[in-house]
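One structure is given below, encoded as structure tokens.
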Amino acid sequence: MNMWNRIKKGWAIAWHQPFAVFALFLYNLLWGVVLYKLIQSVVLPLLHRYPSGALPGESVRLFWIEGQFQLMKTDLIVPYLWTGLGLLGLRMLLHPALNAGVFYSLRHGELNAGYRFVAGIRKLFFPFLGLYALQLVLTIGPLYWLAPHAAKQYVVHASYVSLGQALLPALALYAAYLFLLQLLFLFLQIGKTAGRSPLYTLLFAFRHLPVIALAALAVATLSIVLSAAVLVSSFWWAGFAALVLMQVYRLVQMFFKVWEIGTQYALWAEKA
């Protein structure tokens with residue numbers, strides 16, 4: 001099976017997963033609404049208190065001094081920190097749960113759509129939670145070396161252009177590392193769903209890594225083209241039409257996510 005046929009097979013797999021696509025869409029929609037309301041509850045009161053242009057500059061300086069004092073000397077920020085940590089913890093639980101439902105749905109297409117999604121969460125949640133935690137650690141780990149390197153370059157470079165040029169190799173290497181890490185953990189989840197051992201799955205992924213990476217880049221390129229088209233369209237349309245377009249775009253984004261997983265699953269089904 002050539003690359004294009006695998007991509008088409010991934011499309012067909014995603015097309016037969018409407019429940020998973022809509023579940024991801026609703027999750028992202030509700031998560032966006034929660035974050036918007038949270039930020040609005042914090043930012044709007046600050047904007048109302050910010051001195052207008054008619055007031056002297058000392059009012060602005062007094063505003064910032066007062067804000068610094070409240071942050072440093074009072075517990076004003078503590079409730080917001082706890083809320084942020086709570087939302088972060090909730091997301092760390094919901095993300096692997098949804099992935100478990102999606103991957104199990106791809107594996108058991110013969111079952112009822114809603115049943116297989118919920119069954120996947122029930123059977124695979126804890127293994128997927130462990131994989132997600134390990135991926136998070138491996139994602140953050142390189143920052144232990146990258147952050148001091150960036151701080152050192154910031155001190156020695158006089159302009160942001162030269163700073164960007166100095167950091168470009170390290171950032172490109174980190175981006176490639178994240179891309180490969182994401183693919184490896186995607187296959188670890190596929191392998192776990194199929195009942196394969198992590199060692200077998202990793203050997204499979206490394207053996208077919210060029211094909212896996214090309215398939216992922218192909219679907220990602222199509223997704224980027226779609227994103228660019230929506231961004232250009234948003235400059236031409238405004239108001240309610242732009243809002244509808246953005247929500248449809250979010251739905252299509254979730255379809256692309258399932259399509260990417262389906263394409264890799266097609267490769268797994270062909271070669272495993």
Side-chain angles (χ1 to χ4, degrees), residues 14 17-44 76-107 113-114 116-144 146-147 174-175 177-193 216 219-220 223-224 227 230 243 246-262 264-265:
Q17 300 294 331
F19 188 91
V21 173
F22 275 99
L24 292 176
F25 168 72
L26 288 175
Y27 164 70
N28 282 274
L29 178 64
L30 293 174
W31 190 259
V33 170
V34 169
L35 288 181
Y36 172 77
K37 290 296 184 182
L38 177 63
I39 294 172
Q40 185 185 47
S41 68
V42 176
V43 173
L44 278 183
L76 176 68
I77 198 172
V78 172
Y80 300 110
L81 287 177
W82 280 113
T83 301
L85 289 173
L87 288 175
L88 180 61
L90 180 62
R91 185 172 179 85
M92 291 179 66
L93 292 175
L94 290 176
H95 187 83
L98 290 170
N99 279 348
V102 170
F103 281 84
Y104 194 85
S105 294
L106 296 181
R107 177 73 178 175
R116 65 179 182 245
F117 192 88
V118 175
I121 296 175
R122 188 176 66 251
K123 294 179 180 180
L124 296 174
F125 170 70
F126 288 106
F128 273 45
L129 179 61
L131 288 173
Y132 181 73
L134 179 59
Q135 183 180 3
L136 189 62
V137 170
L138 293 175
T139 298
I140 298 174
L143 296 179
Y144 179 80
L146 187 58
Y174 184 57
Y177 166 78
L178 292 180
F179 175 71
L180 294 176
L181 188 69
Q182 189 269 337
L183 289 179
L184 289 178
F185 274 87
L186 187 151
F187 271 89
L188 283 172
Q189 291 173 96
I190 292 176
K192 184 62 183 178
T193 307
V219 178
S223 179
I224 291 171
S227 300
V230 172
L243 179 62
M246 286 304 300
Q247 298 313 313
V248 173
Y249 167 65
R250 297 299 180 193
L251 179 61
V252 175
Q253 263 191 325
M254 296 305 103
F255 178 83
F256 268 77
K257 182 176 181 179
V258 179
W259 183 13
E260 179 185 0
I261 299 172
Q264 303 297 353
Y265 183 78

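All figures in this text were calculated on a predicted structure; none of them were measured in a lab.
- Rounding to the nearest 0.5 angstrom, the gap separating the CG atom in Leu188 from the CZ atom in Phe128 is 9.5 Å.
- The distance from the OH atom of Tyr177 to the OG1 atom of Thr139 is 6.5 Å, given to the nearest 0.5 Å.
- With sequence neighbours left out, the ring-ring contact (aromatic ring centres under 6.0 Å, His included) criterion links Phe185 to no other residue.
- For the ring-ring contact (aromatic ring centres under 6.0 Å, His included) test, no residue two or more places apart in sequence or in another chain qualifies with Phe125.
- Atom CG in Leu184 sits 11.5 Å away from atom CG in Leu131 (nearest 0.5 Å).
- Listed for the Ser223 side chain is no donor-acceptor partner under 3.5 Å among the backbone atoms of Val219.
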Show your reasoning for whether side chain to side chain contact (heavy atoms under 4.5 Å, CB included) applies to Leu124 and Gln189. CA-CA 9 Å; Leu124 296 174; Gln189 291 173 96; over 6 Å; no
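- Arg107 pairs by the side-chain contact (heavy atoms from CB on, under 4.5 Å) definition with Thr193, Ala194, Tyr265, not counting sequence neighbours.
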Verify side chain to side chain contact (heavy atoms under 4.5 Å, CB included) between Gln17 and Leu106, making sure each step is shown before the conclusion. CA-CA 8 Å; Gln17 300 294 331; Leu106 296 181; 3.7 Å; yes
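- With rounding to the nearest 0.5 angstrom, the CD atom of Gln182 is 10.0 Å from the CZ atom of Phe187.
- In this structure, CZ in Arg116 is found 14.5 Å from CZ in Phe103, a value given to the nearest 0.5 Å.
- In this structure Phe25 satisfies the ring-ring contact (aromatic ring centres under 6.0 Å, His included) test with no other residue, sequence neighbours excluded.
- Heavy atoms from other residues, nucleotides or ligands lying under 6.0 Å from CZ of Phe179 number more than 12.
- Side-chain contact between Leu143 and Tyr174 is present, with heavy atoms from C-beta onward closer than 4.5 Å.
- In this structure Arg250 satisfies the side chain to side chain donor-acceptor pair (under 3.5 Å) test together with Gln253, sequence neighbours excluded.
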Hey, can you pull the donor-acceptor pairs under 3.5 Å for the side chains in residues 85-95, sequence neighbours left out?
residue, atom, partner, partner atom, Å
Arg91, NH1, Tyr27, OH, 3.1
His95, NE2, Asn99, ND2, 3.4

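- What you find for Gly120 and Ala100 is that their closest heavy atoms are O-CB, 3.5 Å.
- Atoms CG and CG, on Leu251 and Leu26 in that order, are 9.0 Å from each other to the nearest 0.5 Å.
- Between Val21 and Ala14, the shortest heavy-atom distance links the atoms CG2-O, 4.3 Å.
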